[in-house]
Amino acid sequence: MQEQYRTVAAAGVYETEINRSRFICALAPAATEEEAQSFVAGIRREHPTATHNCYAYVIGADAAVQKASDDGEPGGTAGVPMLQMLTRRDVRYAVAVVTRYYGGVKLGAGGLIRAYGGVVGEALDAVGTVTRRRFRLAVVTVDHQRAGRLENDLRATGRTVRSVDYGERVAIEIGLPDADVDAFRGWLADATAGTAALELGGEAYGDA
């Protein structure tokens, strides 16, 4: 599995003009291919009179799903450079749609490649990205008497507390980098006088 990847922080739009053509890049996070396709369809409905609505998306931390469309531009001059910009920036689980309103000046193949790839790069800078790192899900089980203090200590030491479940004992779900598991066991034993239990679960990605 990938140790980390980037994705767009939130949906956003960036616009620029190149040789009288308007280029509008819409970016959004997309957890699935269906979400990406739905976003593309929404942008097409928003810009029905545009000359082109080209798109690219990358799904999966390992970039397992990659799709791109030139939407009528010469083959390989729009969708592919957009996709290459996403993958070069290590952006995953994201979709980019570049809407072009033709301004009367032809850019040529090289100009189109630079324009479509460039506007995605500029949009990523403008909208912003976040890094997600791989971590191990873990549940710490502790008695009620120690739970509040332990939760505070976890947050104070920068641990990601994902949920707290109050039952007979208190179950606190956290995220741990794999490399920290052994050190965390020692810290937990010291912090709770050996009264807490640690159960490791699967892997997930979270904010770095």
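- Residues Ala50 and Thr99 share a closest heavy-atom pair of CB-CG2, 3.4 Å.
- The shortest distance between side-chain heavy atoms of Ile174 and Phe184 falls below 4.5 Å.
- Tyr14 is not listed as a side-chain neighbour of Asp125, based on a closest heavy-atom distance of 4.5 Å or more.
- Ion pairing of Arg159 with Asp180 is present here, as a side-chain N (NZ or NE/NH1/NH2) and a carboxylate O approach within less than 4.0 Å.
- Connection of Val40 to Leu83 is not established within any shared hydrophobic cluster, with ILVMFWY side chains joined at heavy-atom distances below 4.5 Å, either directly or through further cluster members.
- Pairing each heavy atom of Ala30 with each of Ile59, the nearest pair is O-CD1, 3.5 Å.
- One N or O on the side chain of Asp70 and one on the backbone of Gly76 form a donor-acceptor pair closer than 3.5 Å.
- When atom types are taken as modelled, the side chain of Ser21 and the backbone of Gly103 share a donor-acceptor pair closer than 3.5 angstrom.
- Thr51 places a side-chain N or O within 3.5 Å of a backbone atom of Tyr102 that can act as its donor or acceptor partner.
- Counted within 6.0 Å of CD on Glu46, heavy atoms from surrounding residues, nucleotides or ligands total more than 12; the atom is thus considered enclosed.
- Hydrophobic clustering, with ILVMFWY side chains joined whenever heavy atoms are under 4.5 angstrom apart, keeps Met82 apart from Val65.
- Between Pro74 and Leu112, the closest heavy-atom pair is CD-CD1, 3.7 Å.
- Val95 has its side chain out of reach of Glu35: every pair of non-hydrogen atoms, C-beta onward, lies at least 4.5 Å apart.
- The number of heavy-atom neighbours closer than 6.0 Å to CD of Gln145, taken from other residues, nucleotides and ligands shown, is 12 or below.
- Between Leu107 and Arg114, the closest side-chain pair of non-hydrogen atoms is not below 4.5 Å.
- Side chains of Arg89 and Thr129: no donor on one and acceptor on the other come within 3.5 Å.
- Hydrophobic cluster membership differs between Val13 and Leu27, with clusters built from Ile, Leu, Val, Met, Phe, Trp and Tyr side chains linked at under 4.5 angstrom.
- Looking at Leu154, Val139, Asp165 one by one, the single match for side chain to side chain contact (heavy atoms under 4.5 Å, CB included) with Ile172 turns out to be Leu154.
- Shown here for Val161 and Arg155, the closest heavy-atom pair between the two residues is CG1-NH2, 3.6 Å.
- Salt-bridge check for Arg100 with Asp71: failed, with every basic side-chain N at 4.0 Å or more from each acidic carboxylate O.
- With Thr141 contributing its side chain and Ala171 its backbone, the two residues share no donor-acceptor pair below 3.5 Å.
- Residues Arg162 and Leu137 have side chains in contact (heavy-atom distance under 4.5 Å, counting atoms from C-beta outward).
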> What do the steps show when you test Val58 against Val91 for side chain to side chain contact (heavy atoms under 4.5 Å, CB included), and what is the final call?
Replying inline: CA-CA 7 Å; Val58 183; Val91 173; over 6 Å; no
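- Atom OG1 of Thr195 sits about 8.0 Å away from atom CG of Leu188, to the nearest 0.5 Å.
- Distance check, rounded to the nearest 0.5 Å: OG1 of Thr160 to CZ of Arg133 gives 11.0 Å.
- Using a 4.5 Å cut-off on side-chain heavy atoms (C-beta onward), Thr192 and Asp143 make no contact.
- For Tyr57 and Gln37, the side-chain atoms include at least one donor-acceptor pair closer than 3.5 Å.
- Here Thr16 contributes atom OG1 and Glu122 contributes atom CD; the two are 5.5 Å apart, rounded to the nearest 0.5 Å.
- Hydrophobic clustering of Ile, Leu, Val, Met, Phe, Trp and Tyr side chains at less than 4.5 Å, counting indirect connections, keeps Met85 apart from Ile43.
- Minimum interatomic distance between Leu86 and Ala56 (heavy atoms only, all atoms of both residues): CD1-O, 3.8 Å.
- Aromatic ring centroids of Tyr93 and Tyr5 lie under 6.0 Å apart.
- Taking both residues in full, the closest heavy atoms of Phe135 and Tyr205 are given as CE2-C, 3.2 Å, listed atom of the first, atom of the second, then distance.
- Although no hydrogens or angles enter the test, the distance criterion places a donor-acceptor pair under 3.5 Å between the side chain of Arg136 and the main chain of Gly201.
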>> Run the side chain to side chain contact (heavy atoms under 4.5 Å, CB included) test on Arg149 and Val142 for me, step by step, so that the C-alpha distance in whole Å, both residues' side-chain angles and the decisive distance to 0.1 Å come before the verdict.
In response: CA-CA 11 Å; Arg149 170 77 182 275; Val142 69; over 6 Å; no
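- Follow the hydrophobic side-chain contacts under 4.5 Å out from Val120 and you never reach Phe39; the two are in separate clusters.
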